[in-house]
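Read the structure below first, then the notes.
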Protein chains: 2
Amino acid sequence: MFFKSYLRFYFSFNKELRKSIKNIFGFYPENIFIYKLALRHKSATLKQKGGLKINNERLEYLGDAVLGLVVADYLFKRFPFKNEGFLTEMRSKIVNRATLNKLSNKLGLKNYMHIGNSEQYHSRSAGGDAFEALVGAIYLDKGYNFTKNTLIRYILNLHYDIEQLQIEEISYKSKMIEWAQKEKHRLEFVMQEEKEAKGKSRYVVTTVIDNQHLAKAYDYTIKGAENLSAEKAWAKLTKLE
Amino acid sequence: MFFKSYLRFYFSFNKELRKSIKNIFGFYPENIFIYKLALRHKSATLKQKGGLKINNERLEYLGDAVLGLVVADYLFKRFPFKNEGFLTEMRSKIVNRATLNKLSNKLGLKNYMHIGNSEQYHSRSAGGDAFEALVGAIYLDKGYNFTKNTLIRYILNLHYDIEQLQIEEISYKSKMIEWAQKEKHRLEFVMQEEKEAKGKSRYVVTTVIDNQHLAKAYDYTIKGAENLSAEKAWAKLTKLE
């Protein structure tokens, strides 16, 4: 009797999950078990002999790489006349942890997740991780091209405003410039280049107002570092005033 | 007359490049021009109206993501019982800048590259970048699945010893770099050279995170001091978290 109702519960959960995948990503999954694994947060880890942990971390590792390529390819083709710095910046706007967490909330993934400890869910970036793990699951279940098309159609086109994201980048720097001109302050963005271990360059930009260092930020593009720095400075400024 | 010999030179270069691609990756390219672009180092940039720079940076951006996914997928399937931490570490051993530069040298990519300033070639990671750009070119020319199969067959299976990589001492330096990139911390290895009585140099490396000195170590090689310092920092970090 118990077993029967357990089975009913078990399969009704699978059925509901299948429907939700269809609602979010527009297709019915083949292998529902990978998707269930993708929704198992590490706070609900099942331990196996040999030390393997049964949770969504392996799928998140895979999905992170899938998402990285899908977005890189999408931007590469959408912006054929933009340089690498712009593309890198746009990608990080699309796949950064905060954005993916928001996306995950919007999609309601939490309702389908196995979570052991709800505090851990909130303090860490469990929502975004689960989204990435789902991407990994789609990739394993349906292959790369299907995943790419699905993500472009059901995620990038529906949940992102790419035009808006492009504009967002300039806002803080120009906000600062406008403010300084209006209030007759002297504004400088001081840039330093730092060599990193891998031979890459990282840029440090300090926003300086009337010789006073207000905020410092780092990025792999000058533009990015300027904007981050300006954003921090803006935050300080609006609290000060 | 000049034009004729130029044409002959031009097409013989293309022919040679096609052959080299065949030798390295086992197939003849469809669109040779993408591969030529992949081999144009930024020191040989052609500038276009509108600010677009014609060099391999866009392709490197794309290829980096392709390579990331191919290696992630390969390791995911090759090590079904390993946790995400192991996979991440193995991947960084395979695709880190130093390894890709070595690979690029081994493949002789430099012979086919357009380089404007040979100093820039050496100081930067031009070789590894060109390899990544070539991967991007294959992806555009032949699609994801072809690229994946090609890279596994002609690069991972032929030029890497995965068993050996597993055993190789973990580079704490690369662990730290990865952690910092993932968690968005600023990481620096600050190096000081100390002259000793006998004329030997001793190196002091401090691992600095977000301007906070975390660990210091001494050694007679820079590499050794860096790794020791990173190891100490890693130990502190894993206790902190």
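Since we're looking at a predicted model, the values are computed, not measured.
- Per-residue counts of heavy-atom pairs under 4.5 Å with chain B were compared for Asn55(A), Asp64(A), Thr88(A); the largest is that of Thr88(A).
- Interface summary for chain B: among Lys82(A), Arg58(A), Arg202(A), Glu60(A), the most heavy-atom pairs under 4.5 angstrom belong to Arg58(A).
- Atom CD of Gln212(A) sits in a sparse spot, with 12 or fewer heavy atoms from other residues, nucleotides or ligands closer than 6.0 Å.
- Taking chain A as the reference chain and counting heavy-atom pairs below 4.5 Å, the highest number among Leu87(B), Leu59(B), Leu140(B) is found for Leu87(B).
- Residue contact with chain A, scored on non-hydrogen atoms closer than 4.5 Å, involves the side chain of Asn211(B) exclusively.
- Both the backbone and the side chain of Phe76(A) come within contact range of chain B, with heavy atoms under 4.5 Å apart.
- Neither the backbone nor the side chain of Leu67(A) has a heavy atom closer than 4.5 Å to any heavy atom of chain B.
- Looking at every heavy atom in both residues, Ala65(A) comes nearest to Gly68(B) through CB-O, 4.1 Å.
- The 12-atom threshold is exceeded at NZ of Lys142(B), counting heavy atoms of other residues, nucleotides or ligands nearer than 6.0 Å.
- Residues meeting the ring-ring contact (aromatic ring centres under 6.0 Å, His included) test with Phe27(B), sequence neighbours left out: Phe146(B).
- Here the straight-line distance linking atom CZ of Arg186(B) with atom CG of Asp219(A) works out to 12.5 Å at 0.5 Å rounding.
- If you measure heavy-atom distances from Tyr74(B) to chain A, you find no contacts under 4.5 Å at all.
- Applying the 6.0 Å contact sphere to CZ of Arg78(B) captures more than 12 heavy atoms from other residues, nucleotides or ligands.
- Between Glu57(B) and Glu84(A), the closest heavy-atom pair is O-CG, 3.5 Å.
- Shortest non-hydrogen contact noted between Pro80(A) and Leu52(B) is O-CD2, 4.1 Å.
- Between chain B and the options Asn145(A), Val66(A), Leu75(A), heavy-atom pairs under 4.5 Å are most frequent for Val66(A).
- Within the 4.5 angstrom heavy-atom criterion, only backbone atoms of Leu187(B) (N, CA, C, O) approach chain A.
- Among residues two or more places apart in sequence or in another chain, the side chain to side chain contact (heavy atoms under 4.5 Å, CB included) test is passed with Lys148(B) by Tyr139(A), Val70(B), Asp73(B), Lys77(B), Tyr144(B), Ile152(B).
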